Amino acid sequence: MDKFDKLSGIAAPLPLINIDTDMIIPKQFLKTIKRSGLGVNLFDEMRYDDDRNEIPTFVLNKPQYRDAEILVAGDNFGCGSSREHAPWAIKDFGIRCVIAPSYADIFYSNCFKNGILPIALPQEQVDVLMKDAEKGSNARIEVDLEAQTITSSDGEVFNFEVDSFKKHCLMNGLDDIGLTLEKASSIESFEAQAATARPWV
Amino acid sequence: MSPKTLYDKIWDAHVAHEAEDGTCLLYIDRHLVHEVTSPQAFEGLRMTGRTVHDPAKTIAVPDHNVPTTLDRANAATMTEDSRIQVEALDTNAKEFGIHYYPVSDVRQGIVHIVGPEQGWTLPGMTVVCGDSHTATHGAFGSLAHGIGTSEVEHVLATQTLIQKKSKNMKVEITGKLRPGVTAKDITMSVIGVTGTAGGTGYVIEYCGEAIRDLSMEGRMTVCNMAIEGGARAGLIAPDEKTYAYCNGRPHAPKGAQWEAALTWWKTLYSDDDAHWDKVVTLKGEDIAPSVTWGTSPEDVLPITATVPAASDFKGGKVDAAQRSIEYMGLTAGMPLTDIKIDTVFIGSCTNGRIEDLRAAAAILKGKKIAVTRAMVVPGSGLVRAQAEEEGLAQIFIDAGFEWRMAGCSMCLAMNPDQLAPGERCAATSNRNFEGRQGRGGRTHLMSPAMAAAAAITGHLTDVREMM
Ligand code: SF4
């Protein structure tokens, strides 16, 4: 997995609440058996018209946001399905960090498995960064995972919370499965005990 | 011992390892797999030379992509990419030696209907699937939730999941439901109150007389939509109805094992003085037959209400409501019962079980549809067979419904069952997101009885007027 430590990038503003996984990546793109190549279909129904032409008013189609690496959005981002295609599409587009007041549970954890940092901040702080993002490519937002800070283009600094284990894995690009397999003996002894306690399982 | 909730008890019984910071390895008893969220996980195993840790605990069934037309045995009924996904599952199931119900098997169906039906889902278990509606299985008093594809791979390889414990939330529905009100109306009304993020960070236990009174089918409907309220999982303590449902299922324990299981299952309830981080209480008698008007499951109203105005809301919801009203092609202030319906879809893991088909057929008996098209998609081949035996299929067909084969179908429209832009659908599924049932399609969620009522009149209808 890709490591994440620091990022200084253009942020795209998407001031909608309840952005669901069907908006992020509609189901017709779930038919792939690969993880890559979904970036062109990120936010597909908002991004293209019926003839597959780009809708110029959609934020990621505007010249100043084509290289955005950060997304600033409204409350309850990523609600809906468990599809990991949502973070795959976000990552494939080039976005490595999302900033929003809150996230749906499964989406939040899926991000960390794909080298994306989802940051939850109070609404007022998201509002400040949303304004910042609206300045386009003139404004770069800085994210420092080690220090757990975001710096706006005006130099305002916000602290954010992140689970220490998730942070550790993201900063070091660690593979969860490898880490768990190191605990194989705990799993084995659990299974031995469960086989007696609940043999019908 | 300190008092525990049901969730605490199941959690504690499944922690295989706990790190100092509270990060746990949670042991997984049942892993359900479908074709859309698993190919990359199996590919990951292959690339790293890993195997499936316990194939006997892993069950796969294709459901999302499969056509539901009668001629689906013909490969040409599937688009190439859908076929590739289903074939990948065929191959992976065989190669890794996991239980499999192929499309040709009468037991095939929506993964969340097949699991309980075959007795894979039992009280006190941990159940996961790369699908957010895994919450359905919580109806059995099991801890069941959706996971992403990386986690699917993790469970395949290790039979565990890296988890931190959620908080406990109690949703109590007191008293009795009024006639015409169903499990679907309960679960939608709860989301109407809590919002789609109200359950974020929690596991919900549904309790109270109205929940106890529900059948297992109804309880599955309630738990199914826990995720729409943002919760990690929803569950209901097992009782005699639960045991009766499980008893005799193909993969349920038998004989002495059954007795041993029963003894443990009977300890699975929340202790009287257990701690709840959040409590929501609704009166059963206050719940009305409900429908959604917007594009979020929280946009719920009793059928007797009118379409709201964006200005009725606060904060970010003002813009969201405006967008919803425009997308749905509605006018603020219009009675919900004036909304004309083009299409009716009865099915999905929310409402594709036998009881749902019975409820819809009871309304449809001897009537004809007034909508352009209507389809019933049973949740599994076995539900379909039973409905045919009970004469329900004929009632649907006589009314003008299409009688389909089992699958997810128009719940998410990955197969050819889709809405056209602007087409308006009364659906028994669980999501009314923009484009969910087809680009530009407009979805109103409701119970099977309400969907049947809409099919007959051609507009959203209060089913109580037909009873
Ligand atoms: S029926 Fe719908 S909600 Fe249920 S598993 Fe299928 S697609 Fe998901």
Side-chain angles (χ1 to χ4, degrees), chain A residues 1 15-18 20-23 26-28 30-35 45-46 50 74-76 79-88 101-107 109-110 113-114 123 163-166 175-181 183-184 186-187 189-191 194 197-201, chain B residues 16-17 19 21 23 25 27 29 36-37 39-40 43 48 50 65 79 81-82 84-85 88 122 124-125 130-132 146-151 153-154 157-160 162 164 196-197 200-201 230 232 253 257-258 260-261 264 296 316-317 319-320 323 412-414 421 431 433-436 439:
Chain A
M1 193 180 75
L16 286 175
I17 63 165
N18 294 335
D20 59 68
T21 50
D22 282 72
M23 282 182 180
K27 69 248 155 192
Q28 59 270 34
L30 308 188
K31 295 188 182 187
T32 172
I33 55 171
K34 295 190 302 230
R35 281 179 159 96
E45 293 185 359
M46 297 157 101
D50 291 340
D75 214 8
N76 199 26
C79 61
S81 89
S82 63
R83 60 187 69 157
E84 203 159 313
H85 308 68
W88 293 337
S102 74
Y103 298 85
D105 205 41
I106 304 176
F107 174 83
S109 97
N110 279 342
K113 318 262 180 216
N114 292 283
Q123 185 71 52
D163 176 85
S164 55
F165 176 73
K166 289 192 163 86
D175 161 27
D176 278 355
I177 299 179
L179 286 175
T180 297
L181 289 174
K183 305 197 184 77
S186 303
I187 299 174
S189 48
F190 178 88
E191 285 178 324
R198 293 192 303 280
W200 62 87
V201 177
Chain B
H17 181 272
D21 71 344
T23 304
L25 276 184
Y27 193 80
D29 295 326
V36 179
T37 54
Q40 294 86 352
E43 195 51 34
T48 48
R50 292 172 177 144
N65 275 285
T79 57
D81 43 8
S82 291
I84 291 172
Q85 257 187 355
L122 297 169
M125 283 184 162
D131 190 283
S132 56
I147 54 178
T149 298
S150 297
E151 290 174 317
E153 187 177 338
H154 192 277
T158 70
Q159 206 58 37
T160 65
I162 300 175
K164 269 204 172 157
T196 49
T200 304
R232 169 161 301 167
Q257 295 241 337
W258 171 262
W264 187 57
S296 165
K317 190 70 191 173
D319 287 348
R323 192 181 158 93
L412 94 164
M414 270 187 84
R431 286 196 177 131
F433 297 156
E434 283 181 24
R436 169 82 177 180
R439 184 174 180 142

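If you're wondering where the values come from, they're calculated on a predicted model, not measured in any experiment.
- Taking CG of A:Asp105 as the start and CD1 of B:Ile147 as the end, the distance is 12.5 Å to the nearest 0.5 Å.
- Of all non-hydrogen atoms in B:Ser132 and A:Ser81, the two that sit nearest each other are OG-CA, 3.5 Å.
- Interface summary for chain B: among A:Cys79, A:Gly80, A:Pro26, the most heavy-atom pairs under 4.5 angstrom belong to A:Gly80.
- At distances below 3.5 Å, at least one donor-acceptor pair connects side-chain atoms of A:Lys31 with backbone N or O atoms of B:Met414.
- With contacts defined as side-chain heavy-atom distances shorter than 4.5 Å, the pair B:Val36/A:Lys27 does not qualify.
- Side-chain contact between A:Trp88 and B:Thr149 is present, with heavy atoms from C-beta onward closer than 4.5 Å.
- Looking only at distances, a side-chain donor or acceptor of A:Glu84 sits under 3.5 Å from a matching main-chain atom of B:Ser150.
- Of the atoms belonging to B:Ala320, it is side-chain heavy atoms, and not backbone ones, that fall under 4.5 Å from chain A.
- Only the side chain of A:Glu191 comes within less than 4.5 Å of a heavy atom in chain B; its backbone stays farther off.
- The contact between A:Ile33 and chain B is made by backbone and side chain atoms together, counting heavy-atom distances below 4.5 Å.
- With a 4.5 Å cut-off on non-hydrogen atoms, A:Asp50 touches chain B through its backbone and its side chain both.
- Heavy atoms of B:Thr48 lying under 4.5 Å from chain A are absent altogether.
- Between the side chain of B:Gln85 and the backbone N or O of A:Leu30, at least one donor-acceptor pair lies under 3.5 Å.
- In this structure, no portion of A:Phe107 lies under 4.5 Å from any heavy atom of chain B.
- With a threshold of 4.5 angstrom between heavy atoms, A:Asp176 approaches chain B through its backbone and through its side chain.
- One finds no salt bridge joining B:Arg431 and A:Asp22 here, because no Lys/Arg side-chain nitrogen approaches an Asp/Glu carboxylate oxygen to under 4.0 Å.
- For the atom pair CD of B:Glu151 and CD1 of A:Ile106, the computed distance is 8.0 Å after rounding to the nearest 0.5 Å.
- How far CD1 of A:Ile187 is from NE2 of B:His17: 9.5 Å, rounded to the nearest 0.5 Å.
- How far NZ of A:Lys113 is from CD1 of B:Ile162: 5.0 Å, rounded to the nearest 0.5 Å.
- Contact tally against chain A (heavy-atom pairs below 4.5 Å) for B:Thr37, B:Leu25, B:Thr200: the top residue is B:Leu25.
- Two residues are said to be in side-chain contact when any heavy atoms from C-beta on lie closer than 4.5 Å; A:Leu16 and B:Arg323 meet this criterion.
- In this structure, no portion of B:Ala19 lies under 4.5 Å from any heavy atom of chain A.
- Using a 4.5 Å heavy-atom threshold, the side chains of B:Gln40 and A:Thr32 count as touching.
- Heavy-atom distances place no part of B:Asp319 under 4.5 Å from chain A, backbone and side chain included.
- Considering CZ of A:Arg83 and CG of B:Leu412, their distance stands at 6.5 Å, rounded to 0.5 Å.
- A:Ser186 and B:Ala16 get closest at one heavy-atom pair: CB-O, 3.5 Å.
- To the nearest 0.5 Å, atom CD of residue B:Glu43 and atom CZ of residue A:Arg35 are 9.0 Å apart.
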